Structure formats: structure tokens, C-alpha cells
2 protein chains.
Amino acid sequence: MSSIDDATADSSLTGRELLLDAAESLFYERGYQSVGMDEVRAASGLPLKRIYALFPGKEALAVAMLDGRDRRWHVSLAEHVDHYRSPSQRVLAIFDWLSDWLAGPGHRGCAWINAHGELGGTSEAIRGAAQRHKDRFRAYVTELATEAGAPRSIADAIFLLAEGCMVTAGISGSPEAAGQARRAAQLLLQHGATG
Amino acid sequence: MSSIDDATADSSLTGRELLLDAAESLFYERGYQSVGMDEVRAASGLPLKRIYALFPGKEALAVAMLDGRDRRWHVSLAEHVDHYRSPSQRVLAIFDWLSDWLAGPGHRGCAWINAHGELGGTSEAIRGAAQRHKDRFRAYVTELATEAGAPRSIADAIFLLAEGCMVTAGISGSPEAAGQARRAAQLLLQHGATG
DNA sequence: ATCGAGCGAGAACGAGCGTTCTCACCTGAC
DNA sequence: GTCAGGTGAGAACGCTCGTTCTCGCTCGAT
């Protein structure tokens, strides 16, 4: 299991880290508007005054938390992919990693998809964070697929399969979509190399 | 364009329909928690007392609106699919319909994905509505794919491609993912029929 | 010992929420 | 005309929220 999901309390963490970890757990589990700043304060152990010295408001805290999670998410994914040498195996490793990630306890799908669903219509900043994350992920998938000899159309398809499996796993509560997406990606890499 | 997106005001509508139409526009555009019942009242033209006589509360209104939208969504999709006779064209018609749907003005992705992202973690009823919708859609995709001779694995992949294109179109703001998903589905139907 | 700057805990504030209640008004039967 | 029943408009209620403010304490310098 990756370290994406468990933000464990550690007394050596800075206030900023304590705050972002607490915000991440709470916001991921219940959404943004359902979690009050007082709960964030209690979970982080920081006084409200310090929280508002670190971030100008709740929205900025949410964006910082999403961006921090994005960094760790991509590092964790790339670490897993880098266990493999074969270009096509590196593409398929995305789905293995997603399968592990989506099977984590209390998993509720992709944090950016959920954030966009809740606040994409009202917060420019949150929509931007979601777009940044998805753009980075798409670029990474395209890079791996291209190295495996796949044309752009197959790279696009593999990205969409990954997105589909994230959203489906989130709603259904089961990670089995990752295996289905992996089999489809394998087929596309095998038969679509000339497409 | 389908009639999924525009809930036009019509004096011949019942109070329940006026209410559900107003709720659908507002909730779809801005989410649930960002829209107050007073705004729903103003948009529907119904007095608050009548609203609370029709539904016991905001959550029940949201669920009824999602279920009503689900019915119209599936009718509109099936109507489009039924313009085609060839089984494989009927599968691909899903993506043509999605492309039109996702290109609509003010489109903000899949209402059920968004609702699940916002309230899936706190409301059992909303999560249930999202699951019902996705289960129905998966069953329909599987039915069409099976009639086109595709094995279960290809049907799963086509469903995931559709989900991926809905979520990607919602976040990116562009419907181009539907075309990408359509091309991938075509490839899978051609080369995967024996998989 | 004394002072003062800085900090933590939590009260306070103003706004907004979902929901319920009030009350003036309309309507239709007699 | 009169009265009862029901309806609409919006005030009211109780609560929660994000954010700011108060105040008493701590702690290091002198």
C-alpha cells in the first residue's frame, strides 16, 4: 500500500504538515463543505489563529492539500512504475498501482474527481487544482504509452480507462474496475500498436 | 441536443415538475450544499410550504431529482441508439450521444459522479442514487456490447471508457474525450471479439 | 522580581443554512 | 354577506459555519 492514504500523526511534523495531513483525511473522507474548520483545528491540534496564519482561508487550505497530495500521488505511482523495465509492463503497472490504491481501506475514489464534483462549479481555484492533477496524469500516461510504441490514440484510450476505473471504483466501492481496465489496456497495446 | 440539460419553464407543469426542474438546474450547476432552499424556492416559483409538502427535506429532493434525471437520461440515450440497426454501430452510438451531451452549454460532467463526489461520503441516499444510475448504465452498455458479439471483458472496457470520457469532459471542459473513447471502443470491438 | 511580547484556547460575530410558523388574504358554500 | 378552510409570502427559529477577537498565560531578557 502506498503512503497516499495514511497521513499518520508524527510529533516531528511541522504545523503546516500537521494541518495539511488533518485536512487531507477529513476532506477526503467527507468532502469540503461537510467539514468545519473547527474539526480541522481539532484534528490538526493547531490553534485556529495559527491555521489562519498559514493559509488565508479554507479554500486556500484545500488547494494546498490537493497540490501536496498530487505531488505524493505522482511520486508513489512513478516509484511503482520504475520497478519495471519493459515499456509495456510499465504502462500496465499503472493499473496494478491503481488497484492497490483503490483497494485501500475507506477509499472513496479519486480526490480530485470528488473535489471537482463538489466545488468545480463554484471555485475556480479547486477546478484548477483538479485540472492540474489530471493534466499531469495524462502527460505521464502518454509518456509511458508512447515509450511502449503506442500511437496517440491508444495513449488517450489508456488514460480514459484509468479515469474510468477510478470513478467506477469510487462509486461502486470495489477496486475490480482496475483489473478490467488493465486487461483492456493490454489488449490495446497488443493490437493497436499500428493504429 | 437531448432534452437532458434544458428544463424549460412551462406553465403547464405541475408543482412537482417545476420544483424538480429548478432543483436540477441549480444543483447541477453549483452542487448541493452551495445552493440554498431559498434559491430553489425562487427558481421554482413555489412557496416553501409547498416544497416541504412535496418532499420531506433537501436530501429527498436531491434524490428524486437524480432519479428523475436518470430516467430521462436513459430514455434519451436509448432513443439515439435505436436509430441504428447494426449491433456494433449501436455500441458506438453511445459515444456519439455522449459527445453531444458533453458538448452542451454549461456542461459540468456527469451529475451522478459530481453528486457522489460531494455527498457520497456523508449521504447514503445520494450514494445509492449514483450507484443505481451507474448500475443501469453498465447493464445497458453490457447488453449492447454483448449483442455486438463482444465478450464480457470488452463490455467492461467500453463501460470504463464511457465513464472515463464523462469524468474527463467534466474536468477539462471539453467533449473531445468522447471521440477518443469512441475510437478505442471501435478498436476493441474489432480486435477483441474473440478475447 | 518585573516587564512585555507572543501564543494558545476558546468566545464572539455576522452571515447563512434548512426548516417551521404566522398571518393576511383568497375562495367557495350557504 | 359571512364564515371556514386553505394557501402564499415571508418572518422567525435554532443551528452551524468561516473568520476574527479577547484575554490570560508563558517565557526569556533585564
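Note on naming: letters A, B, ... go to the chains in the order of the sequence lines (proteins, then strands), and numbering restarts at 1 for each one. Side chains are part of it too, since the values below use all heavy atoms of this structure and drop only hydrogens, waters and symmetry mates. Quick caveat, the model's predicted, so the values are computed rather than measured.
- With contacts defined as side-chain heavy-atom distances shorter than 4.5 Å, the pair B/Ser44/B/Ile51 qualifies.
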Could I get a table of every N or O pair under 3.5 Å where one atom is in the protein and the other is in nucleotides 14-18 of chain D?
{"unit_1": "D/dG18", "atom_1": "OP1", "unit_2": "A/Val35", "atom_2": "O", "d": "3.4"}
{"unit_1": "D/dG18", "atom_1": "OP1", "unit_2": "A/Lys58", "atom_2": "NZ", "d": "2.2"}
{"unit_1": "D/dG18", "atom_1": "OP2", "unit_2": "A/Met37", "atom_2": "N", "d": "2.5"}

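- In terms of the ring pair (Phe, Tyr, Trp, His ring centres under 6.0 Å) criterion, residue partners of B/Tyr84 (sequence neighbours excluded) are, by chain and number, B/His80.
- With salt bridges taken as basic N to acidic carboxylate O contacts below 4.0 Å, one links A/Arg69 and A/Glu24.
- Atom NZ in B/Lys49 sits about 12 Å away from atom P in C/dC23, given to the nearest Å.
- By the 30° and 60° cut-offs, the orientation of the rings of B/Phe137 relative to B/Phe159 is tilted.
- Taking a cutoff of 4.0 Å between a charged side-chain nitrogen and a carboxylate oxygen, A/Arg132 and A/Asp70 do not qualify as a salt bridge.
- Remark: A/Arg90 engages A/Asp82 in a salt bridge, criterion side-chain N to carboxylate O under 4.0 Å.
- Note: CZ (B/Phe55) to P (C/dG18) measures 16 Å, nearest angstrom.
- For the residue pair A/Ser123 and A/Glu59, a side-chain donor N or O sits within less than 3.5 Å of a side-chain acceptor on the partner.
- Rounded to an integer number of Å, the gap from B/Arg50 CZ to D/dG8 P is 4 Å.
- Salt-bridge check for A/Arg138 with A/Glu163: failed, with every basic side-chain N at 4.0 Å or more from each acidic carboxylate O.
- The stretch residues 41-48 of chain A comes close to DNA chain C through A/Pro47, each having a heavy atom under 4.0 Å from the strand.
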